[in-house]
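A quick write-up on the structure given underneath.
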Amino acid sequence: MDLDSRFRARWTVTARPGGPSAKGERDVAGEPGAWSLLARAARFAGRTLCGEWHAIVVDPVRRLAHRGLSGLLLAFVAASGVIVFHDLAQHPAGDTWVRRLGGVTADLPLWLSLLRTPVSLYVPALDLPVWAGITQLFLAFALAELVLGRARTLAIAYVTTLAGTLTARLMIELGPGRWGIGLPAEYGAVLDTGPSAAVVGLFTYLAVVRRAPVVFTLTGGSMVWESIAVPNLAGREHLVAVSAAIALALLRGRRLRLPYARRNRPGPVSIPAAPPKLPLPDLSASAVLRTDPTRARQCDGFRTSTGARTP
């Protein structure tokens with residue numbers, strides 16, 4: 001028997017359902033395994049995008065239809081505030097008042113920075129396109145208010161902005177080149193990021209909470225690219241805002257899981273108490289009634305009279 005005949009005989013013998021021949025055929029061809037891997041990756045990507053679409057678009061739109069325009073109150077207030085402050089900053093006197101009310105720099109006293117931080121959410125950077133910033137601000141606050149509520153939206157926006165501002169002060173206090181994050185004192189006169197840190201923080205928080213990898217990549221990834229391409233104070237504050245939002249989102253997930261685990265934790269098995277003992281009937285009274293001669297005579301008279309059909 002030549003080599004070709006022996007190879008064909010071996011292949012025929014091992015060709016059983018589920019036997020080595022099917023696996024060997026797949027390994028030799030290579031294509032079915034690769035197509036299966038690609039199909040799994042495509043299904044995973046489709047499920048992820050579908051879930052993100054429902055979490056970021058469909059569910060907020062349903063809530064908006066249920067609540068109406070009142071669900072966009074924070075978005076309208078934030079956008080209107082940015083427009084008003086931007087128009088005021090176009091004039092010299094207005095620019096002075098805008099800086100006094102909402103201008104936050106690292107060389108200010110800490111109490112004054114904390115006092116101006118809420119107003120700084122409405123003070124846009126003059127070197128950036130204002131209408132693009134207003135669109136991002138409106139979308140961030142609208143989506144966050146519909147999904148998270150007003151109180152949590154304001155808290156996250158304030159905390160992320162404050163984290164960036166305080167971290168900038170720390171970097172300047174460290175000095176240039178210290179631990180790789182220190183900055184020279186000249187950065188103390190630079191205005192903070194304004195509403196952009198709040199926008200980045202809100203989008204990052206929503207992306208983590210709603211499990212939206214595309215939104216997270218567009219926000220966090222763009223901030224990392226910005227800090228690398230243009231290494232300035234604003235880029236560092238944005239990275240700090242992203243980190244603070246991720247920490248807040250993870251803490252929220254942990255806080256939501258703990259009560260659920262406590263509610264579903266099996267409690268101690270209680271041993272049922274013994275049933276109460278019922279009082280025993282008094283047999284003496286019934287015995288007396290049975291042996292009462294009067295009652296016996298009445299019964300005999302009744303039976304006798306009834307049998308005789310006489311009263």
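Starting from 1, each residue takes its place in the sequence as its number.
Contact annotation: the side chain of Leu114 approaches that of Leu162 to within less than 4.5 Å [non-hydrogen atoms, C-beta and beyond]. Under the 4.5 Å side-chain criterion, counting only non-hydrogen atoms from C-beta, Thr160 is not in contact with Val200. Residues Ile246 and Phe216 form a side-chain contact, since some pair of their non-hydrogen atoms from C-beta on lies under 4.5 Å apart. Residues Arg236 and Thr167 fail the side-chain proximity criterion, which asks for heavy atoms closer than 4.5 Å. For the pair Val242 and Thr219, the minimum side-chain heavy-atom distance is 4.5 Å or more.
Val84 and Val119 fall within a single hydrophobic cluster, where Ile, Leu, Val, Met, Phe, Trp and Tyr side chains are chained together by heavy-atom contacts under 4.5 Å. Hydrophobic clustering (side-chain heavy atoms under 4.5 Å, transitive across Ile, Leu, Val, Met, Phe, Trp, Tyr) keeps Tyr158 apart from Leu202. Note: the hydrophobic cluster containing Val104 does not contain Val190 (ILVMFWY, side chain heavy atoms under 4.5 Å, direct or indirect links). By the criterion of side-chain heavy atoms lying less than 4.5 angstrom apart, applied directly or through intervening Ile, Leu, Val, Met, Phe, Trp or Tyr residues, Leu146 is grouped together with Phe76 in one hydrophobic cluster. Grouping the Ile, Leu, Val, Met, Phe, Trp and Tyr side chains by contacts below 4.5 angstrom, directly or via other members, places Val147 with Leu74.
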Problem set entry | Check against side chain to side chain contact (heavy atoms under 4.5 Å, CB included), Arg116 and Val123 | CA-CA 10 Å; Arg116 291 183 180 181; Val123 179; over 6 Å; no
Problem set entry | side chain to side chain contact (heavy atoms under 4.5 Å, CB included) assessment of Thr161 paired with Thr117 | CA-CA 8 Å; Thr161 303; Thr117 299; 4.2 Å; yes
For this session: Any chance you could lay out the side chain to side chain contact (heavy atoms under 4.5 Å, CB included) test for Leu248 and Val159, step after step, and finish with the verdict?
Result: CA-CA 9 Å; Leu248 291 174; Val159 169; 3.9 Å; yes
For this session: Any chance you could lay out the side chain to side chain contact (heavy atoms under 4.5 Å, CB included) test for Leu110 and Leu166, step after step, and finish with the verdict?
Result: CA-CA 9 Å; Leu110 181 59; Leu166 296 180; 3.7 Å; yes
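For the atom pair CE (Met171) and OH (Tyr187), the distance works out to 11.5 Å, reported to the nearest 0.5 Å. Separating the CZ atom in Arg150 from the OG atom in Ser70 is a distance of 6.0 Å, to the nearest 0.5 Å. Between the CH2 atom in Trp53 and the OG1 atom in Thr48 there is a gap of 16.0 Å [rounded to 0.5 Å]. For the atom pair Asp95 CG and Phe85 CZ, the distance stands at 12.0 Å (nearest 0.5 Å). Distance CG/Leu72 to CG/Leu143: 10.5 Å, rounded to 0.5 Å. Distance check, rounded to the nearest 0.5 Å: CZ of Arg62 to NE2 of His66 gives 13.0 Å.
Residues forming a salt bridge (charged side-chain N to carboxylate O under 4.0 Å, His left out) with Arg63 (at least two apart in sequence, or on another chain): Asp59. Applying the side-chain contact (heavy atoms from CB on, under 4.5 Å) rule to His54 yields the partners Cys50, Val58; only residues at least two apart in sequence or on another chain are considered. Shown here are the side-chain contact (heavy atoms from CB on, under 4.5 Å) partners of Val199, two or more places apart in sequence or in another chain: Gln136, Leu137, Ala140, Phe203.
Closest non-hydrogen pair, Ala189 versus Asp107, comes out as CA-OD2, 3.9 Å. Minimum interatomic distance between Ala89 and Val98 (heavy atoms only, all atoms of both residues): N-CG2, 4.2 Å. For the pair Ile134 and Ala79, the tightest heavy-atom approach, listed with the atom from each and the gap, is CG2-CB, 4.0 Å. Of all non-hydrogen atoms in Leu108 and Gly103, the two that sit nearest each other are CD1-O, 3.6 Å. Of all heavy-atom pairs spanning Ala78 and Phe141, the tightest one is CB-CD1, 4.1 Å. Pairing each heavy atom of Pro60 with each of Ala55, the nearest pair is CD-O, 3.5 Å.
No donor-acceptor distance shorter than 3.5 angstrom exists from the side chain of Glu237 to the backbone of Asp192, with no hydrogens or angles considered. Checked by atom type and distance alone, the side chain of Thr153 pairs as donor or acceptor with a backbone atom of Ala144 at under 3.5 Å.
Around the CG atom of Leu38, the shell of radius 6.0 Å holds more than 12 heavy atoms that belong to other residues, nucleotides or ligands.
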